[in-house]
Protein chains: 2
Amino acid sequence: MQRMTRQRAAVVEVLADSEEFRTAQELHDMVRGQGHSVGLATVYRTMQAMVSAGEVDVLRNAEGEAMYRRCERTEHHHHLLCRDCGRTEEIDAALVEQWAESVGRAHRFSNIEHTAELFGTCADCAADEDS
Amino acid sequence: MQRMTRQRAAVVEVLADSEEFRTAQELHDMVRGQGHSVGLATVYRTMQAMVSAGEVDVLRNAEGEAMYRRCERTEHHHHLLCRDCGRTEEIDAALVEQWAESVGRAHRFSNIEHTAELFGTCADCAADEDS
DNA sequence: TTATCTGCAAACATTTTGCAGCGAG
DNA sequence: CTCGCTGCAAAATGTTTGCAGATAA
């Protein structure tokens with residue numbers, strides 16, 4: 001059902017080497033930078049597959065572009081994203097989970113899902129702005 | 001420096017009537033639904049202007065589209081949406097606000113903003129599904 | 001062998017921009 | 001009268017899709 005092709009391997013490899021979220025274009029450049037030749041569409045298709053397989057996290061940057069990163073925790077979690085440099089930190093969101101559940105129950109809603117992301121300026125970027 | 005035209009007035013009006021975040025397309029439809037004729041590009045240009053003037057908040061939905069809402073001086077709130085009938089309930093989000101603040105502080109991020117929405121099935125729709 | 005994957009290019013959706021004319025101040 | 005604003009259509013992104021050929025299993 002999921003073939004391991006030369007292209008997929010190359011994409012998975014750069015993804016594994018990358019600590020940060022990357023756009024599809026960045027991944028594409030990185031793959032080609034390593035000498036492999038992979039179509040951009042294939043990068044998108046591979047990311048789609050891995051996202052729905054739960055192997056990759058996806059979020060949107062301020063410009064609305066999708067960014068991907070390998071999942072470190074397969075459980076559902078949230079992110080704190082620096083507006084300026086794009087660095088991300090995973091956050092323990094137990095509180096939000098609880099909150100979502102209890103609010104849902106209070107309103108007699110079932111099957112609660114939620115979205116929650118934090119954006120801010122990280123300490124380094126805040127320092128840079130002073131100059 | 002900023003002229004008040006018929007078009008701009010129409011956009012500002014629908015924006016003022018709307019409690020929720022709206023895409024540019026939605027605003028465009030709403031304006032035309034009220035009988036005015038305004039170009040889509042004008043909606044975008046008006047939103048750009050109002051965002052940089054700090055009169056409008058902008059965020060990206062899951063599909064990466066920009067959504068706009070008038071800036072509320074008062075504390076912002078979140079919503080619980082029914083997946084089936086679309087009804088929305090306003091929820092007291094004091095807990096999330098606190099959570100966002102404290103998580104940001106813990107990671108030494110400043111200027112924290114956040115997005116958080118809940119989705120579920122309301123009691124009425126859950127009952128309908130049983131039939 | 002054969003169902004899936006790939007590359008390419010064309011299709012799409014959203015947003016931006018160039019330009020000639022309109023209109024607020 | 002003037003310069004900013006508007007509409008339109010064209011361009012610029014970022015992403016998806018159709019299709020014919022390649023290829024993993």
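In this text the structure is predicted, and so the values were computed from the model without any measurement. Only this structure's heavy atoms are used, side chains among them; waters, hydrogens and symmetry mates stay out. Letters A, B, ... are given to chains in the order of the sequence lines, protein chains preceding strands, and every chain is numbered from 1.
Between C:dC5 and A:Gln7, no contact under 4.0 Å exists linking OP1 or OP2 to a side-chain N or O. Remark: B:Thr42 is in phosphate contact with D:dG7, judged by side-chain N or O atoms under 4.0 Å from OP1 or OP2. Contact check, B:Thr5 against D:dT6: a side-chain N or O comes under 4.0 Å of OP1 or OP2. Checking the phosphate oxygens (OP1, OP2) of C:dT16, no side-chain nitrogen or oxygen of B:Tyr44 falls inside 4.0 Å.
Among the protein residues, A:Gln48 comes within range of the sugar-phosphate backbone only, with heavy atoms under 4.0 Å from sugar or phosphate atoms but none that close to a base. Across all strands, B:Thr23 comes closer than 4.0 Å to no nucleic acid atom at all (heavy-atom distances).
Between B:His114 and A:His78, the distance separating the two ring centers is not shorter than 6.0 angstrom. With ring centers used as reference points, B:Tyr44 lies 6.0 Å or more from B:His28.
Residues A:Asp57 and A:Phe21 form a side-chain contact, since some pair of their non-hydrogen atoms from C-beta on lies under 4.5 Å apart.
Closest to the side chain of A:Gln25, from the set D:dT15, C:dA24, C:dC5, is D:dT15.
Rounded to an integer number of Å, the gap from A:Glu65 CD to D:dA12 P is 17 Å. Atom CE of B:Met47 and atom C1' of C:dT15 are 14 Å apart (whole Å). Note: CG (B:Leu40) to C1' (C:dT17) measures 13 Å, nearest angstrom. The separation between A:Glu26 atom CD and D:dT15 atom P is 11 Å, rounded to whole Å. Residue A:Arg6 contributes atom CZ, which lies 8 Å from atom P of D:dT23 at whole-angstrom precision. Summarising the geometry, the separation between CZ on A:Arg3 and P on C:dT6 is reported as 10 Å, rounded to the nearest angstrom. Taking atom CG of residue A:Asn61 and atom P of nucleotide D:dT15, one finds them 8 Å apart after rounding to whole Å. Spacing between atom CZ of A:Arg8 and atom C1' of C:dG7 amounts to 15 Å, rounded to whole angstrom units.
In this structure a side-chain-to-backbone donor-acceptor pair under 3.5 Å is present from A:Arg70 to A:Ser18. Between the side chain of A:Ser102 and the backbone N or O of A:Trp99, at least one donor-acceptor pair lies under 3.5 Å. Under a 3.5 Å cut-off, the side chain of B:Thr46 and the backbone N or O of B:Thr42 do form a donor-acceptor pair.
At its two ends the helix from C:dT1-D:dA25 to C:dG25-D:dC1 runs along axes set 30° apart, each axis drawn from five pairs and the angle rounded to 10°.
Between the side chain of B:Arg45 and the base of D:dG4, no donor-acceptor pair of N or O atoms lies under 3.5 Å.
Salt-bridge check for A:Glu65 with B:Arg60: failed, with every basic side-chain N at 4.0 Å or more from each acidic carboxylate O.
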